[in-house]
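Numbered from 1 within each chain, the chains take letters A, B, ... in sequence-line order.
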Amino acid sequence: MASPHTPTLPERLIAHLDMDAFYASVELLRYPELKGLPVVVGGRRMHEPKTLPDGSRQYARLRDYTGRGVITTSTYAARDLGVFSGMGLMKAALRAPDAILLPTDFDRYRHFSRLFKAAVAEIAPVIEDRGIDEIYIDLSEVPGVRESVGHDPQGGVRAVAREIKNAVQRATGLTCSIGVTPNKLLSKIASELDKPDGLTLLRADEIPSRIWPLAVRKINGIGPKANAKLESLGIETVGELAAADPQMLIAQFGRSYGHWLHEAAHGRDERPVVTHSEPVSISRETTFERDLHAKLDRAELGAIFTRLCEQLAGDLARKGYLGRTIGIKLRFVGFRTVTRDLTLDLPTQDAQTIRQAAGACLKRVDLSQRLRLLGVRVGSLSRPGDPAPARRPTRRVDSGPKPENLSLF
DNA sequence: TCTGGGGTCCTAGGACCC
DNA sequence: TCTGGGGTCCTAGGACCC
């Protein structure tokens, strides 16, 4: 407990910045005539817009798409038609057949990602990367942030957040939404409250009025499973979660997650803004256009497998990592997913070594069902100069020869 | 007409070591 | 010959996120 003699720490000021419909907005910059229309980005097939002789452009429609693939981003006009990120394109086509479909151009999104992050860093350098289109920013030490403007005690914060939004707009031509609160958990929620082009400031004393009415699913870390279970317990809002008996939550969800649920519902979160982090694993995976069978499609699968290993080796080399744990991921028809991994004595970067280890992993899987996805992963990463890992005697892996292992790879 | 690709973190059991 | 306890590594699966 804080005694009168221990100075209380100043409350942190953390921002969460989320680019609005990022991929779709980047596409609208080059196809401005699509502004306001339902547009969806996603899919893997070639559906580039065609420029006609008269200079006008012809776009693919959602109804034209066949094959596997999901929506990566949709414009707000498309969302109004009920098509959202993660939805299968074929399903989306039933809801919005006339929506325009654009292919993803990750290089371009990465470029704009660098632009907006650099613009923010000029104003507030303490940034945590949370992927291509969002960041956390620690504003606590930003000059002017704690000054009040007029009688608005948050005037300084608001001004700095506005400045950040303007800088992002100038650098990219894009809008973003920002939430500023005492921690990452609340800021993540706050940035969504006024999307798009939003700016939401929230103090701890506003949690009951602003946060508790929200659905528990709005909390980052409560996914579909936890949500369903909470619902079955009669808990739908954050306020109901906050009022729930912590011991009951622990009994239902386990010590760690149960305790976290309670803390999160009360808006408590001490996680720092992490400005540097090292990757834990690097992977490549692909979903096939049609389901493949290990025996019937042996040559095709073998070629894909080798290609994934080569791409992965390329990624490792480019990023400057070695990995000691090689793993595979298989997804069968029906979406059952299986993983196997194998830790080598020494880290590697070599495609053939990876391919061989991954092949050994594959031998431990029953391959009688058709596959829809194959992936390869490298973990236990190190840098080329790092000291060699302490070797432990290789233990027998009981691979128990599978009757349906078709010894293909 | 089901459900991409890239990740992180957690849990849990067995091996192995002290 | 019933039964220890802790710590770390390895492996598999699953929830969750962007």
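Residue contacts shown for A/Ile222 are limited to sugar-phosphate atoms, with no base heavy atom under 4.0 Å away. Counting any heavy atom pair closer than 4.0 Å across all strands shown, A/Arg336 reaches no nucleic acid atom. Residue A/Val280 is in sugar-phosphate contact alone, with no base atom involved, counting any heavy-atom pair closer than 4.0 Å across all strands shown. No contact: A/Ala93 has no heavy atom under 4.0 Å from any strand. Using a 4.0 Å heavy-atom distance criterion, A/Lys184 is classed as making no nucleic acid contact. In this structure, A/Ile328 reaches neither bases nor backbone, as no heavy-atom distance under 4.0 Å exists between it and the strands shown. Using a 4.0 Å heavy-atom distance criterion, A/Ser85 is classed as making no nucleic acid contact. Backbone-only contact: A/Ile282 has heavy atoms under 4.0 Å from sugar-phosphate atoms and none from a base.
Side chain of A/Lys319, nearest nucleotide from B/dG5, B/dG7, C/dC18: B/dG7. In this structure, the nucleotide among B/dG6, B/dT3, C/dC18 sitting nearest to the side chain of A/Glu285 is B/dG6. Looking at the side chain of A/Thr72, the nearest of the listed nucleotides C/dG13, B/dG4, C/dC18 is B/dG4. With distances taken from any side-chain atom of A/Val70 to the nucleotides C/dC16, C/dC18, B/dG4, the minimum falls on B/dG4. Listed nucleotides: C/dG13, B/dG7, B/dT1. Nearest to the side chain of A/Met90: B/dT1. Nearest nucleotide to the side chain of A/Leu94, out of B/dT1, B/dG5, B/dG4: B/dT1.
For the OP1/OP2 pair of C/dG13 and a distance below 4.0 Å, the side-chain nitrogens and oxygens of A/Arg377 include no atom meeting the criterion. Contact check, A/Asn220 against C/dC18: a side-chain N or O comes under 4.0 Å of OP1 or OP2. Of the side-chain N and O atoms in A/Arg130, none sit less than 4.0 angstrom from OP1 or OP2 of B/dG7. Using a 4.0 Å cut-off, some side-chain N or O of A/Arg68 falls inside it from OP1 or OP2 of B/dT3. A close approach under 4.0 Å does not occur between any side-chain nitrogen or oxygen of A/Thr287 and OP1 or OP2 of B/dT3. Contact between the side-chain N/O atoms of A/Lys188 and the OP1/OP2 oxygens of C/dC18 is found at a separation under 4.0 Å. Under 4.0 angstrom from either OP1 or OP2 of B/dT1 there lies no side-chain N or O belonging to A/Arg95.
Rounded to an integer number of Å, the gap from CG of A/Asp18 to C1' of C/dC17 is 12 Å. A/Ile189 places its CD1 atom 11 Å from the P atom of C/dC17, with the value rounded to the nearest Å. Put simply, CZ on A/Arg290 is 20 Å from C1' on B/dT3, counting in whole angstrom units. Atoms CZ (A/Phe335) and C1' (C/dG13) sit 15 Å apart, rounded to a whole Å. Going from atom CG of A/Leu342 over to atom C1' of B/dA15 covers 16 Å, rounded to whole Å. For the pair A/Leu373 CG and B/dG4 P, the computed distance is 8 Å after rounding to whole Å. When the P atom of B/dG7 is taken as reference, atom CG of A/Asp129 falls 14 Å away, rounded to whole Å. Computed from coordinates, the A/Arg331 CZ to B/dG4 C1' distance equals 9 Å when rounded to whole Å.
With P as the reference atom, C/dC18 and B/dT1 are 31 Å apart, rounded to whole Å. With C1' as the reference atom, C/dG4 and B/dC17 are 14 Å apart, rounded to whole Å.
Where A/Glu278 and A/Phe288 each meet DNA chain B at their nearest nucleotide, the meeting point lying more 5' is that of A/Phe288.
Listed by first and then second residue, the ring pair (Phe, Tyr, Trp, His ring centres under 6.0 Å) pairs that reach into residues 317-375 of chain A come to none, sequence neighbours excluded.
Note that CD of A/Glu27 is 11.5 Å distant from OG1 of A/Thr75, once rounded to the nearest 0.5 Å.
Remark: A/Tyr23 pairs with A/Phe106, A/Tyr109 by the ring-ring contact (aromatic ring centres under 6.0 Å, His included) rule, at least two apart or across chains. A/Thr104 pairs by the side chain to side chain donor-acceptor pair (under 3.5 Å) definition with nothing, not counting sequence neighbours. Under the side chain to side chain contact (heavy atoms under 4.5 Å, CB included) criterion, A/Ser56 pairs with A/Leu52, A/Asp54, not counting sequence neighbours.
The closest side-chain donor-acceptor pair between A/Ser177 and A/Asp20 falls under 3.5 angstrom. Judged purely by distance below 3.5 Å, without hydrogens or angles, the side chains of A/Ser140 and A/Asp138 pair a donor atom with an acceptor atom. Side-chain atoms of A/Tyr59 and A/Glu48 form no donor-acceptor pair, as typed in the model, at a separation below 3.5 Å. Judged by distance alone, the side chains of A/Arg68 and A/Thr287 never bring a donor and an acceptor atom under 3.5 Å apart. Side-chain contact of A/His16 with A/Ser191: a donor-acceptor pair under 3.5 Å is present, judged by distance alone. Using a 3.5 Å distance cut-off with no hydrogens or angles, the side chains of A/Thr325 and A/Thr343 do pair a donor with an acceptor.
Remark: DNA chain B takes part in the stems B:5-18 with C:5-18, each of 3 or more antiparallel Watson-Crick or G-U pairs, criterion distances under 3.5 Å.
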Atom pairs under 3.5 Å, N or O on each side, protein against nucleotides 10-12 of chain B: can you list them with distances?
none

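In this structure, the side chains of A/Asp341 and A/Ile328 stay at 4.5 Å or more apart for every pair of heavy atoms.
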